Amino acid sequence: MPSLSGPLHDPAADAGWQNPPPRKGFFTDTSVCIGCKACEVACKEWNGVPDDGFNLLGSSYDNTGSLSASTWRHVAFIEQPAKPASSTVSLGMPSTVKPGEAMNPESAVDFRWLMSSDVCKHCTHAGCLDVCPTGSLFRTEFGTVVVQEDICNGCGYCVPACPFGVIDRRVGEQGQKNVGIAQKCTLCYDRLGAGKTPACAQACPTESIQFGDLDELRERAAARVEALHAQGVESARLYGDSPDDGVGGAGAFFLLLDQPEVYGLPPDPVVPTRDLPQMWRHAALAAAGLLAGAVAAFLGGRG
């Protein structure tokens, strides 16, 4: 039986693949993301993912909001004040002075944009894969997790099993592509098989999204964090790179410039099936206790 938790060097071999190639993945360096959304567009074009609305949300320069069955790459726009704003603002009387021209520089508030292209994490221990009753979700030879849309029955068990809220069933009118079927990033499995780079990484103009062998990406990411720390960016940190975390390490991990919660990421994700063996042991002990009690009551009644 495949392992359900803990460090695991080669999830493809654990899933039964013979002599699989090196595990592939993404390293997303948010410090150089410019929010162009080229990755979103490239993903939709290559994979035939339908649009999910073109209306701005009103909370940021964003029209998708989060990952979904129809958004496999999502670029988050997070605006942060660099210092606290004044509690009151004087509107003054109408004048011909340009807005902000007469403002005291000391009272101005600086802002920064945190931009990050989010994607399925292709977890080492994937809850969506563990709970799928039809075998629709499977581990590829590259260590990634893919949905077979022709096998998925739309039960939705995988949706709450993902600690990152990535996978979902597609919503739309009957007759549209894969409505009711669970959908998420495949890490462009068809392109990997042909020796090509995934569409999002291919389209990224700043190399914020980097694709390659996961072990090499982790080394590259660690060196990048050290370089940023040397430049005084002490907030730089890696997210999802550790094999000792609650999902055994992610196949798609990130360099962040703030706490994970700021980016809408769980600070300590845990695959829900991690405690399954212990739960079964407790259930077995409880069942044995009930059986022993029933036998004792039966024998006592006969006496």
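This structure is a prediction, so every number in the text was calculated from the model and none was measured.
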Legend entry - hydrophobic_cluster_shared for V49 and V41, side chain cutoff 4.5 Å: no
Legend entry - S136 side chain to Q148 backbone, donor-acceptor under 3.5 Å: yes
Legend entry - Check ion pair E40-K44 (N to O, under 4.0 angstrom): no
Legend entry - Gap separating the CG atom of D118 from the OG1 atom of T71, nearest 0.5 angstrom: 11.0 Å
Inset, instruction - Taking all non-hydrogen atoms of both residues into account, name the closest pair between V131 and Y157 and its distance. - result: CG2-O, 3.5 Å
Legend entry - Min side-chain heavy-atom separation I34-P205 under 4.5 Å: yes
Legend entry - Nearest-0.5 Å distance, CZ of residue R170 to CD1 of residue I181: 9.5 Å
Legend entry - Main-chain N/O of P266 paired to Y239 side chain as donor or acceptor, under 3.5 Å: yes
Inset, instruction - Determine yes or no for a side-chain-to-main-chain donor-acceptor pair under 3.5 angstrom, with T28 supplying the side chain and T30 the backbone. - result: no
Legend entry - Check: T134 and C155 side chains under 4.5 Å, non-hydrogen atoms: no
Inset, instruction - Would you give the length of the straight line joining atom SG of C200 to atom CZ of F26, rounded to the nearest 0.5 angstrom? - result: 3.5 Å
Inset, instruction - Write down the atom of C158, the atom of I167, and the distance for their closest heavy-atom approach. - result: O-CG2, 3.4 Å
Inset, instruction - Could you go through the side-chain contact (heavy atoms from CB on, under 4.5 Å) check for K121 and L265 one step at a time? - result: CA-CA 11 Å; K121 312 310 180 287; L265 297 168; 4.1 Å; yes
Legend entry - Donor-acceptor pair, side chain of N47 and main chain of C43, under 3.5 angstrom: yes
Legend entry - pair P21-F142: side-chain heavy atoms closer than 4.5 Å: yes
Inset, instruction - Quick one: do L114 and L256 satisfy side-chain contact (heavy atoms from CB on, under 4.5 Å)? Show the steps, please. - result: CA-CA 9 Å; L114 296 180; L256 305 179; over 6 Å; no
Inset, instruction - Please tell me if the side chains of S68 and R169 come closer than 4.5 Å, counting only heavy atoms from C-beta onward. - result: no
Inset, instruction - Verify the distance criterion only: is there a donor paired with an acceptor across the side chains of Y189 and E141 at less than 3.5 Å? - result: yes
Legend entry - Nearest atoms (heavy-atom pairs only) where L187 meets G25: CD1-CA, 4.1 Å
Inset, instruction - Would you kindly confirm whether L214 and L238 end up in one hydrophobic cluster when ILVMFWY residues are joined by side chain heavy atoms under 4.5 Å apart? - result: yes
Legend entry - Contact summary for H9 and P11, nearest pair of heavy atoms: O-CD, 3.7 Å
Inset, instruction - Would you check if the side chain of T197 reaches a backbone N or O of A201 as a donor-acceptor pair within less than 3.5 Å? - result: no
Inset, instruction - Check whether V147 and L67 end up in the same hydrophobic cluster, where Ile, Leu, Val, Met, Phe, Trp and Tyr are linked by side-chain heavy atoms less than 4.5 Å apart. - result: no
Inset, instruction - Flag yes if more than 12 heavy atoms outside E261 fall under 6.0 Å of its CD atom; otherwise flag no. - result: yes
Inset, instruction - Taking T206 for its side chain and V32 for its backbone only, find out whether a donor-acceptor pair lies under 3.5 Å. - result: yes
Legend entry - Student check: side-chain heavy atoms of V270 and V247 closer than 4.5 Å: no
Legend entry - Heavy-atom closest contact (V146 atom, K184 atom, distance): N-NZ, 4.5 Å
Legend entry - Minimum heavy-atom distance between R112 and L257, given as atom pair plus value: NH2-O, 3.6 Å
Inset, instruction - Scan side-chain atoms only and decide if R23 and T124 contain a donor-acceptor pair under the 3.5 Å cut-off. - result: yes
Inset, instruction - Report the C-alpha separation of F253 and F27 in whole Å, then their side-chain angles, then the decisive distance to 0.1 Å, and conclude whether the ring pair (Phe, Tyr, Trp, His ring centres under 6.0 Å) test is met. - result: CA-CA 5 Å; F253 64 100; F27 163 46; 5.3 Å; yes
Legend entry - Any side-chain heavy-atom pair of D190 and W46 under 4.5 Å: yes
Legend entry - Residues D29, R224: salt bridge by 4.0 Å N-O rule: yes
Legend entry - Any donor-acceptor pair under 3.5 Å from W17 side chain to R139 backbone: yes
Legend entry - From OG (S31) to CZ (F254), nearest 0.5 Å: 13.5 Å
Inset, instruction - Without swapping roles, check the side chain of D258 against the backbone of V262 for a donor-acceptor pair under 3.5 Å. - result: no
Legend entry - Side-chain donor or acceptor of R73 paired with backbone N/O of C39 under 3.5 Å: no
Inset, instruction - Report the distance from atom CD1 of I209 to atom OG of S116, rounding to the nearest 0.5 Å. - result: 9.0 Å
Legend entry - NE2/H229: more than 12 non-hydrogen atoms of other groups inside 6.0 Å: yes
Legend entry - Salt-bridge contact D62-K37 (side-chain N to carboxylate O under 4.0 Å): yes
Inset, instruction - Without swapping roles, check the side chain of S70 against the backbone of D51 for a donor-acceptor pair under 3.5 Å. - result: no
Inset, instruction - Please check if any side-chain donor atom of Q210 sits under 3.5 Å from a side-chain acceptor atom of R220, or the reverse. - result: yes
Inset, instruction - Evaluate whether atom CG of N19 has more than 12 neighbouring non-hydrogen atoms of other residues, nucleotides or ligands under 6.0 angstrom away. - result: no
Inset, instruction - Could you check if a side-chain atom of D213 sits within less than 4.5 angstrom of a side-chain atom of K24, using non-hydrogen atoms only? - result: yes
Inset, instruction - Kindly check if the number of other-residue, nucleotide or ligand heavy atoms within 6.0 Å of CD (E207) is above 12? - result: no
Inset, instruction - Measure from NZ or CZ of R191 to the centre of the six-membered ring of F211 and say whether it is under 6.0 Å with the direction within 45° of the ring axis. - result: no
Inset, instruction - State yes or no: do F164 and L137 share one hydrophobic cluster built from I, L, V, M, F, W and Y residues joined by side-chain heavy-atom distances below 4.5 Å, directly or via other members? - result: no
Inset, instruction - Go through the steps to decide whether T186 and W72 satisfy the test side-chain contact (heavy atoms from CB on, under 4.5 Å), and finish with yes or no. - result: CA-CA 9 Å; T186 67; W72 296 359; 4.3 Å; yes
Legend entry - Working for side-chain contact (heavy atoms from CB on, under 4.5 Å), residues D168 and Q183: CA-CA 6 Å; D168 202 355; Q183 297 279 271; over 6 Å; no
